[in-house]
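Contents: one structure, followed by commentary.
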Protein chains: 2
Amino acid sequence: MNVQLTERVKCSECPIRHRAVCARCDDSELDKLDKIKSYRSFKAGQTIIWRGDDLTHVSSVVAGIATLSKTLDDGRMQMVGLLLPSDFIGRPGRDTLDFDVTAASDVTLCSFERKPFERLLVETPHISQRLVEMAMDELDAARDWMVLLGRKTAREKLASFVQMLVQRSHIDGTAIPELVLPLTREEIASYLGLTLETVSRQFTQFRKDGIVEFKDRRNFIVIDHAALLEATGDDADGGVIV
Amino acid sequence: MNVQLTERVKCSECPIRHRAVCARCDDSELDKLDKIKSYRSFKAGQTIIWRGDDLTHVSSVVAGIATLSKTLDDGRMQMVGLLLPSDFIGRPGRDTLDFDVTAASDVTLCSFERKPFERLLVETPHISQRLVEMAMDELDAARDWMVLLGRKTAREKLASFVQMLVQRSHIDGTAIPELVLPLTREEIASYLGLTLETVSRQFTQFRKDGIVEFKDRRNFIVIDHAALLEATGDDADGGVIV
DNA sequence: CGCTATCTTGAATCCCTTCAAGTCGCGTGG
DNA sequence: CCACGCGACTTGAAGGGATTCAAGATAGCG
């Protein structure tokens with residue numbers, strides 16, 4: 001694997017320290033993690049883990065965006081997860097994954113060898129508790145996504161996606177109204193169960209409807225938040241996807 | 001809630017003892033569970049938990065089938081989970097669910113009050129470990145379902161559903177080739193992201209193709225397993241949904 | 001025996017896909 | 001510097017698969 005090492009950051013100064021799998025750890029527990037962790041970086045487009053590969057490491061995303069995707073025999077692809085900083089890759093107790101993990105942007109991971117991590121897990125309830133919580137959150141998000149995939153129209157799907165970006169920008173605390181599409185049209189399509197042409201057409205429609213305004217192909221601002229929310233098909237505050 | 005009590009079964013003699021949340025418990029741990037458990041029964045069609053309801057209990061399904069579903073403003077509904085015996089209802093650490101839980105058949109639950117259960121969870125790693133494992137399995141299943149909802153045709157969706165029933169009948173060990181549809185056409189449609197008419201039409205097509213043979217509306221046998229598998233759109237053994 | 005819920009079938013419609021052509025923006029090399 | 005080429009994106013037109021609307025069949029149950 002084409003891996004680049006990155007300079008070490010102490011856990012206590014890590015940007016994802018309060019949201020990642022280590023969120024509940026105390027100082028002594030962080031020390032243990034610090035000793036067995038290593039950083040790995042991937043360029044945009046690189047595959048981080050192939051479906052079925054022996055899972056030597058489990059990791060937290062420190063920076064960048066990764067995607068989880070599954071492919072059918074004939075090439076049809078469906079994204080089944082989007083990993084943002086602090087999200088966890090890998091499943092303790094299983095030595096392969098049933099989907100590909102790909103770097104959508106340049107990605108930096110905080111990695112642990114699986115076996116030592118699993119041993120640590122047994123004696124560190126703070127980590128396993130957090131892992132359960134994160135798995136449950138992911139399950140909630142997956143269920144919202146199932147509603148989107150099974151029942152929403154193309155317009156509603158894209159509106160939901162944009163709304164998710166809006167929500168996330170609030171969490172990140174960036175007060176800038178300008179948003180960035182973290183994925184290509186094709187990746188967005190893969191996420192939403194659409195074709196890239198349909199995604200493009202719906203973006204055009206949003207522009208014509210005065211809901212968004214594009215600065216260039218990747219950067220845009222939401223002009224009419226109410227209309228966007230209306231277009232998602234959800235209730236005012238429900239159905240929000242992490 | 002229209003609840004009926006059912007006679008107590010000792011945990012050690014419980015039919016789901018080795019698959020449910022208690023699977024890893026030893027005798028002394030089972031004793032603790034035995035003391036705080038109660039049985040509750042629901043008639044087919046009854047709602048077990050409404051979305052947003054205060055979650056007083058968490059439960060294991062002992063017998064019957066329950067569905068998890070979400071509904072959009074305008075009434076569109078999507079099933080987001082199917083609970084079979086041994087599956088768990090409820091999320092420790094959260095006091096509501098974001099979906100409705102409904103009895104698809106007559107259902108018997110083994111329930112625990114949430115608060116005592118959560119206390120037990122802290123001091124009983126065997127239970128929390130099993131809970132993680134089950135959540136992870138559910139997440140895997142949810143991801144397979146996302147591929148189905150996002151990318152498969154109506155024919156492939158229904159074939160995948162029937163194939164799941166076949167798989168499950170093997171697990172249950174019933175050597176009888178006759179299978180039972182545990183859901184109505186409408187419920188199947190809700191599960192597959194289709195309309196009930198489309199489900200009906202695809203069943204008819206399967207009959208015409210000689211893949212299945214119906215004894216009546218609910219009971220059928222698979223005649224051509226190879227063709228069924230072919231029709232799922234998955235690889236030979238991959239993409240199986242539990 | 002008829003009532004009702006469930007299911008099947010048909011015909012028309014529509015939304016999304018597919019196929020195709022063209023545009024835009026950017027880095028590379030002549 | 002500009003032409004070139006390529007990847008990403010947009011737009012159009014045609015086609016198709018699933019939905020919608022509607023009517024009828026079937027089976028279970030009082």
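Protein chains get the first letters and strands the later ones, always in sequence-line order, with residue 1 at the start of each.
- Atom CZ of A:F214 and atom C1' of D:dT11 are 15 Å apart (whole Å).
- Atom pair B:R217:CZ and D:dA25:P shows a separation of 13 Å (rounding to whole Å applied).
- With sequence neighbours left out, B:F112 forms a ring pair (Phe, Tyr, Trp, His ring centres under 6.0 Å) with B:F117.
- Among residues two or more places apart in sequence or in another chain, the salt bridge (Lys or Arg N to Asp or Glu O under 4.0 Å) test is passed with B:R185 by none.
- Under the rule for a ring pair (Phe, Tyr, Trp, His ring centres under 6.0 Å), the partners of A:F203 that lie at least two apart in sequence or sit in another chain are A:F214.
- With sequence neighbours left out, the salt bridge (Lys or Arg N to Asp or Glu O under 4.0 Å) criterion links B:E138 to A:R143.
- By the side-chain hydrogen bond (donor to acceptor under 3.5 Å, both in side chains) test, A:S190 pairs with no residue at all, sequence neighbours left out.
- Taking every heavy atom of residues 181-189 of chain B and every atom of DNA chain C, pairs under 4.0 Å involve B:T184, B:R185, by number.
- Residues passing the salt bridge (Lys or Arg N to Asp or Glu O under 4.0 Å) test with B:R217: none are found, sequence neighbours excluded.
- Straight-line distance from the CG atom of B:L196 to the P atom of D:dA22: 15 Å, rounded to whole Å.
- Taking the 5' to 3' direction, DNA chain C first and last meets chain B under 4.0 angstrom from a heavy atom at C:dT6 to C:dA11.
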Please tabulate the protein-to-nucleotide N/O contacts below 3.5 Å involving nucleotides 15-18 of chain D, giving atom names and distances.
unit_1, atom_1, unit_2, atom_2, d
D:dA18, OP1, B:A154, N, 2.6

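- When heavy atoms are screened at a 4.0 angstrom cut-off, A:R207 is found touching the sugar-phosphate backbone but no base atom.
- Between the CZ atom of A:R201 and the C1' atom of D:dA14 there is a distance of 11 Å, rounded to whole Å.
- A donor-acceptor pair shorter than 3.5 Å cannot be found between the side chains of A:K37 and A:S111.
- Judged by distance alone, with hydrogens and angles left aside, the side-chain atoms of B:S59 form no donor-acceptor pair with the main-chain N or O of B:L109 at under 3.5 Å.
- Evaluation of the salt bridge (charged side-chain N to carboxylate O under 4.0 Å, His left out) test over residues 76-89 of chain B, restricted to residues two or more places apart or in two chains, returns A:E156-B:R76, B:D74-B:R76.
- Qualifying salt bridge (Lys or Arg N to Asp or Glu O under 4.0 Å) partners for B:D106, counting only residues two or more places apart in sequence or in other chains: B:K43.
- In this structure, B:D216 atom CG and D:dT26 atom C1' are separated by 11 Å, rounded to whole Å.
- Look at NZ on B:K215: it is 18 Å from P on D:dT26, rounded to the nearest Å.
- Residue pairs meeting the salt bridge (charged side-chain N to carboxylate O under 4.0 Å, His left out) criterion with at least one member in residues 198-214 of chain A, sequence neighbours excluded, are A:R155-A:D209.
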